[in-house]
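Below: one structure, written as structure tokens.
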There are 2 protein chains.
Amino acid sequence: MSDQAITARRPTMRMVADAAGVSAATVSYVLSGRTSAGEGKSGISDTTTRRILQAAETLNYSPNQAARSIRTGKTNLVLLSLTMLSDPWAQAVSTAASAEVAKDGRTAMILADGDWAVVLQKQTPDVAFIDAADATHAAQLKTLASSGMNLVVMSDTLEPDGFDVVRSPAVPGCRKAMEHLLETHTDIACLATSSAKSHPVPSRYSVYLDAMAEAGLDVPEGRVGFAELHPAAAYDAALRLLSGPTPPSAIYAVTDFAALSAINAAHQLHLRIPEDIAIIGAGNTPDGELAHPALSTVGPADAYGEIACLLRSRAAEKERSADRVITLEWELFVRGSSHTTT
Amino acid sequence: MSDQAITARRPTMRMVADAAGVSAATVSYVLSGRTSAGEGKSGISDTTTRRILQAAETLNYSPNQAARSIRTGKTNLVLLSLTMLSDPWAQAVSTAASAEVAKDGRTAMILADGDWAVVLQKQTPDVAFIDAADATHAAQLKTLASSGMNLVVMSDTLEPDGFDVVRSPAVPGCRKAMEHLLETHTDIACLATSSAKSHPVPSRYSVYLDAMAEAGLDVPEGRVGFAELHPAAAYDAALRLLSGPTPPSAIYAVTDFAALSAINAAHQLHLRIPEDIAIIGAGNTPDGELAHPALSTVGPADAYGEIACLLRSRAAEKERSADRVITLEWELFVRGSSHTTT
DNA sequence: CTGAAAGCGCTTACAG
DNA sequence: CTGAAAGCGCTTACAG
């Protein structure tokens, strides 16, 4: 008389054990792949194994992660706190990390609003990646770390303190971009973010000023465009830079994002890239390579890969080892947008 | 002689109980806010409460979510499976859902790679939102639902079957866009996605053809632009649409995204919007309102809010109630890009 | 090769 | 007002 199932319950290991006519312990062993015997031993017999797998299959059983966690201390969860979701960078990190940690059966999930501090109070991922932190977070990070949380933090300023630090030194990287341009150009414009003026020095913008000065080059009025982090704004700024009476021969953009807008603007003005105008960005964002022409840039060669590997190994650790610092070396990538074949 | 703490362990409820000189049960009661006594009763005495709170504070205790889950069956996790992370839509859903479920102390996390099917096998969120599903997923969804998972699925075709369905009927919505344009225009161009030609009818594109035909209007050669889902591609397509010898007086774009590119293209050509060219998009994406001029569009008024509420209520449910279907009504939003003050 | 038992950190009737 | 006890679903030595 009762309905199918008032509220379907998840099958439990007990149910599988009963169905297979064995104990829960045996089910646990075959499902987790571990064996109660020593290393070499075969463990559970083949026929039992088959019966259990069979039963699990028909019951559609999968182990309760919470129950498992409580014993093992692992949640199989990797948390990615990513501030700018729209950024291609965020997507690349997410894709790389997901694939990497999946190798150990873990799942990567993204926390979008940046309040990792409160979430990590309740949830307990095997490792958490925090994509931006500074001195104001030092205490919170230390506290979390001291209660056993595995943390990987991107920061150019923070020192490791129970957590790992990933550095991405943009300023020296950007120098390489300027040096590259200065090899063949003297009249270089800069596309900066509108907040650059008030930013502390050194910044990606100050690199431009310094490099020009050191090269003994003037920066005439109108050679620097400031734009918000918005496609249209960057595009307009680039347009202004390029449509004056004596346009520059090269543009140094402080982000790949702005550089991409500059490429569009140049196309619009029917300027040839790089013959009429060379363009370089910064960050080595994945979509730079897809532009026409491909965008020259500076940035870490494989930031996502390195981060993903670090996350994977931290998540899998049985017990915490020494703090690590990894520095992503910024390299110069000369591509079509700045390269003139001689 | 031993170091501070070889590997810092998280404090446990036991430790708090000991520190406060009470039993674990009492700690549980005060920390969870629940009381062992009946509704009206005060439960734990004030002084005990204070002692416990104090102890928890100094130990930096927070309850182990896994242990809690195993008893309560709730994980306090809300999973958002979002396919297009870069989409403003994804961000809006994420923001709205995070805020909404946080009211009950839950955390929303995003699953980026769309393989919810495998993740939901292991993780058990209180509710999962799946932003795109079709008939090919029906069986998987049903299976998950039947083992107790709370699912909210966006789909125009799927019927609820142990899970909730959110519909967003674009085709009738898009008709409103065309009808709006047809009130004051006869020469209307269409900006469609390049896959539209092969898409099954009815589609956002076929709506254009049909509406034109029903209005007795011809669609001359070159009035339809097909573009990939890429800023530059959409921009170029719009440019072509607008720079012919006899440009149209209005553009119907099948997405807000394409419409925004059309706005940029029109600016570039020094066309006035909406006087020279009226533009309407579809989807009511959050950044449409921020454009100059603001983008007219069709779409659901508050998709994010409705979804967020549904997620919250599902997550909080003690036991599953009847399946729900919610249909997001597409409305017409006339804004600056199509509105001529008379 | 397999099972009985203890225990992970919590919650929740139940009895004082 | 508070505590002892059972139990959630697992894992893991340990003993057969």
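In this text, all values refer to a predicted model and were calculated from it rather than measured experimentally. Chain letters run A, B, ... following the sequence lines, proteins first, then strands; residues in each count from 1.
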Taking side chain as C-beta onward, heavy atoms only, is A:Leu141 less than 4.5 Å from A:Asp161? no
Calculate the interatomic distance between A:Arg14 atom CZ and D:dG9 atom C1'; express it in whole Å. 11 Å
The Watson-Crick or G-U wobble partner of D:dA4, with both key distances under 3.5 Å, is none
How long is the line joining CG of B:Leu59 and P of C:dG9, in whole Å? 14 Å
Between B:Ser28 and C:dT12, is there a contact of a side-chain N or O with OP1 or OP2 at under 4.0 Å? no
Rounding to a whole Å, what distance do you find between B:Lys122:NZ and D:dC10:C1'? 14 Å
Toward the 5' end of DNA chain D, by each residue's nearest nucleotide, B:Thr47 or B:Ile70: B:Thr47
Among the nucleotides D:dT11, D:dT2, C:dC10, whichever has the atom closest to the side chain of B:Ala67 is C:dC10
B:Ser69 side chain N/O closer than 4.0 Å to the phosphate oxygens (OP1, OP2) of C:dC10? no
Distance below 4.0 Å between A:Arg68 side-chain N/O and D:dG9 OP1 or OP2: no
Which of B:Ser94, B:Ser81, B:Ser98 passes side chain to side chain contact (heavy atoms under 4.5 Å, CB included) with B:Ile110? It is B:Ser94
Rounding to an integer number of Å, can you tell me how far A:Arg50 CZ sits from C:dC1 C1'? 15 Å
A:Met15 CE to D:dC10 C1': how many Å, rounded? 15 Å
State, to 0.1 Å, how close A:Phe163 and A:Val165 come at their nearest heavy-atom pair, and which atoms those are. CE1-CG2, 3.8 Å
Please state whether the phosphate of C:dT2, meaning OP1 or OP2, lies under 4.0 angstrom from any side-chain nitrogen or oxygen of A:Ser23. no
A:Arg71 has a side chain; which of C:dT11, C:dG3, D:dC10 sits nearest to it? D:dC10
For D:dA13, the Watson-Crick or wobble partner whose two distances fall under 3.5 Å: none
Taking C:dC10, C:dT2, D:dC10 as options, the one with an atom nearest any side-chain atom of B:Met13 is C:dC10
Can a donor-acceptor pair be found between the side chains of B:Ser69 and B:Gln65 at a distance below 3.5 Å? yes
If you assign A:Ala66 and A:Ala25 each to the DNA chain D nucleotide with the nearest heavy atom, which residue ends up on the more 5' nucleotide? A:Ala66
Which of the following nucleotides, C:dG9, D:dT12, C:dT12, is nearest to the side chain of B:Tyr29? C:dT12
Could you state the atom-to-atom distance from CG of A:Leu31 to C1' of D:dT12 in whole Å? 15 Å
Determine the contact category for B:Thr48: base if any of its heavy atoms lies under 4.0 Å from a base atom, sugar-phosphate if only primed atoms, P, OP1 or OP2 are that close, otherwise nothing. sugar-phosphate
Less than 4.5 Å apart, any side-chain heavy atom of B:Asp164 and any of B:Phe129? no
When B:Val166, B:Val152, B:Asp126 are each screened for side chain to side chain contact (heavy atoms under 4.5 Å, CB included) with B:Leu311, the one that passes is B:Val152
Distance in angstrom units between A:Ile52 CD1 and C:dC1 P, rounded: 13 Å
Rounded interatomic separation in angstrom, taking CD from B:Gln65 and C1' from D:dC10: 17 Å
